[in-house]
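Note that ligands are numbered from 1 as they come in the structure, with each ligand's atoms numbered from 1 the same way.
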Amino acid sequence: MLRLYQKAADTSYVERLQRFAEKQKAYLGLTAKPRATTKFAYFCAEYGVHNSLPNYSGGLGILAGDHLKSASDLDLPLVGIGLLYRYGYFRQKLGHDGWQEESYNDVFESELALTPVFDESGNRVKVSVGIRGREVVAQAWHASVGRISLYLLDTNVEENGEVDRLITGHLYGGDTETRIVQEKVLGIGGVRLLRKLGIDPAGYHLNEGHAAFSTLELAREHIVANPEASFAGAVETVRSKCVFTTHTPVAAGNDAFDPTVLAECFSNEYIASLKLTHGEFLALGRADLSDDKEFFGMTPLAIRMCRSANGVSAKHGEVSRGLWLKMFPDLADAGAVPITSVTNGVHAPTWVAPAFQNIYEREIGENWHELVRDEAAWANATEALPDDAIWSSHQVLKELLIAFIRERTRAKETGDIDTIHEHESTKGLFSPEVLTIGFARRVAAYKRWDLIFSDLDRLLKLVDDSERPVQFVFAGKAHPQDRTAKAILQKLMSINHDSNWQRRAVFIEDYDQEVARYLVHGVDVWMNVPRRPMEASGTSGMKAAMNGVLNFSILDGWWIEGYNEINGFAIGELDVEAESQMDAEDAESLYSTLENVIVPAYYSRGEDGLPTEWIARMKNSIATLTPQFSSDRMVGDYLKDIYNA
Ligand SMILES: *Cc1c(COP(=O)(O)O)cnc(C)c1O
């Protein structure tokens, strides 16, 4: 409160705030023309719009948030549907011994940027979904994402018993039944909510399989309205309206449920209302119809029920066609499988640091963010970007990152030794003059966190180099049930050698949108080492690229499309000869590229003291990658190729 009073006396601050408020008002009012009524409904299990609405776990949610933001900027008639999780996703802390501990915060709706939704008679808008003979009630909340409405359903209401109130308790927590019921609330409840709101969208975008039960509800609606219709007839209508995006290239990464548990979660009446037998119903979720032991997969259901399916990078499209070929026994080869791709993108105004936004305003125009897809505008302007402004802005952001690191890793109570996540004193930690590499992502086996320390001597030599040292900042969460991933984290925390490691490596706990922003603004190099071809797309590297941070990545996902030999660095080759050799070969490529290319390039300085070659690469990264990987380009592609609106 005191701070607010202080700020109110600061006229330049108040002026800036007023200017911002006016801009925001103009932005929201831009749609003078009546909004088109043919909306597309976008369904997703998580949304990462801003840290003040902690309703996401990672990449999928952030992507959904960026999708809505670009839809708002482009003024598309889109409406978002999701769930509100009372406890959100877990918060991460590491013990002195490096073992991950989880906790959940209670989210108080009244403190979030949300408003309750009421109908015309002033009653709270609620929907209900049947589960095991009970009617589970969910209430609706509204969030404004720019000009886009996002509606979230939450079952924490009086009408429900304790167990049901917790259905929307935790994101990706809970047992199979909880997951199924959550997804029923999202898919079936979501369609019912649209009806209560009087919204009849022209199309439905299922962003990942979690929302695929919505297609069943749409089929049921069709049959209710057309009692003569068969299920097959209903499917035809549903397919004409629904599109699906898959986000994982790993079979095990797709939601699939034990058919017995699934059948218990759907009443006989519901299945009968679809004019299906139990067997036919369960077959909707199978890739291989001859295997009645197969789990009920949300991806096969979505592929069956949607008119289009797409992966999130060209490579991921190809991998997905191979993965789901088994659903199309009549097709001769994977090339003919009807799965296309739209490569992901990120929302530039969200992810570009203010210091770089200022440069883009000067060099590209006040409306740089409206030109974000315009490749020519970026190519032309970037030639003109002044080296010293680029470098000094980057250094300021790096110093901000270092201040953040020192703040976040200072511990009141440390263990017996300093570790990379807690220090008693952080004064000597990190230097703005040292080449800084960022590595932040979920801790999962295929992301290969351990690749960088597979040869510890070689790593420490890089860190300890007296002339040209390297420092590392790490962040990322392991899934609470994934003990292998937690063990990898613990191993990283336990590196404690007679070296500078403890001063030049840090681990930032509780990776989230705010941590991500500091990192993608302030490091020099953004590293990514997934096992090919497991990275569907990856988006954090795009955020880094727009801030002039150079990517250093395996050629997988988006980087296959983005890399041009100047705008960053590749690890390994595009195609892998032998699977068994992959880790060893990639580790060798990782170390040797660091030693022979990246470190020399970073530390070589021109007469003016600036790293001229490095800055040329930064400019190339900004110019080539910003337009190509902006979410405006992505949403434009969806509009043109997928929504066909
Ligand atoms: C961007 C982002 C992600 C996704 O990035 P990947 O490159 O797919 O790992 C995950 N978490 C947070 C907090 C992010 O900001």
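For the residue pair K69/T350, the side-chain donor-acceptor check at 3.5 Å is satisfied. Checked by atom type, the side-chain pair W614/D524 shows no donor-acceptor distance below 3.5 Å. At a cut-off of 3.5 Å, with distance as the only test, a side-chain donor of S72 or Y27 sits close to an acceptor on the other residue. Using a 3.5 Å distance cut-off with no hydrogens or angles, the side chains of T299 and N254 do pair a donor with an acceptor.
Residue W351 touches ligand 1 through its side chain alone, judged by heavy-atom distances below 4.0 Å. When heavy-atom distances to ligand 1 are checked against a 4.0 Å cut-off, N528 has no atom that comes that close, whether in backbone or side chain. By the criterion of a heavy-atom distance under 4.0 Å, the side chain of K543, and not its backbone, is placed next to ligand 1. For T539, heavy-atom contacts with ligand 1 shorter than 4.0 Å involve the backbone as well as the side chain.
At the shortest separation from atom 10 (C) of ligand 1 among protein heavy atoms lies G59 N, 3.4 Å. Protein heavy atom closest to atom 11 (N) of ligand 1, with residue, atom name and distance, is Y511 CE2, 3.5 Å.
Ring planes of H394 and W391: tilted class, angle from 30 to 60°.
The heavy atom nearest to atom 5 (O) of ligand 1, out of those in G538, G65, G58, S540, is found in S540.
Between K491 and D450 there is no salt bridge, since no side-chain nitrogen of the basic residue lies less than 4.0 Å from a carboxylate oxygen of the acidic one. Under 4.0 Å is where a charged nitrogen must lie from a carboxylate oxygen, and between K486 and E102 at least one such pair does. One finds no salt bridge joining D154 and R86 here, because no Lys/Arg side-chain nitrogen approaches an Asp/Glu carboxylate oxygen to under 4.0 Å.
Close N/O approach between Q513 and ligand 1 is not found [any backbone or side-chain N/O within under 3.5 Å].
Interface atoms of ligand 1 facing A516, defined by a heavy-atom separation under 4.0 Å, are 15 (O). Atoms of ligand 1 lying under 4.0 Å from any heavy atom of R441, numbered from 1 in the order shown and given with element: 7 (O), 9 (O). Residue-ligand proximity, D512 to ligand 1, at heavy-atom distances under 4.0 Å covers atoms 13 (C).
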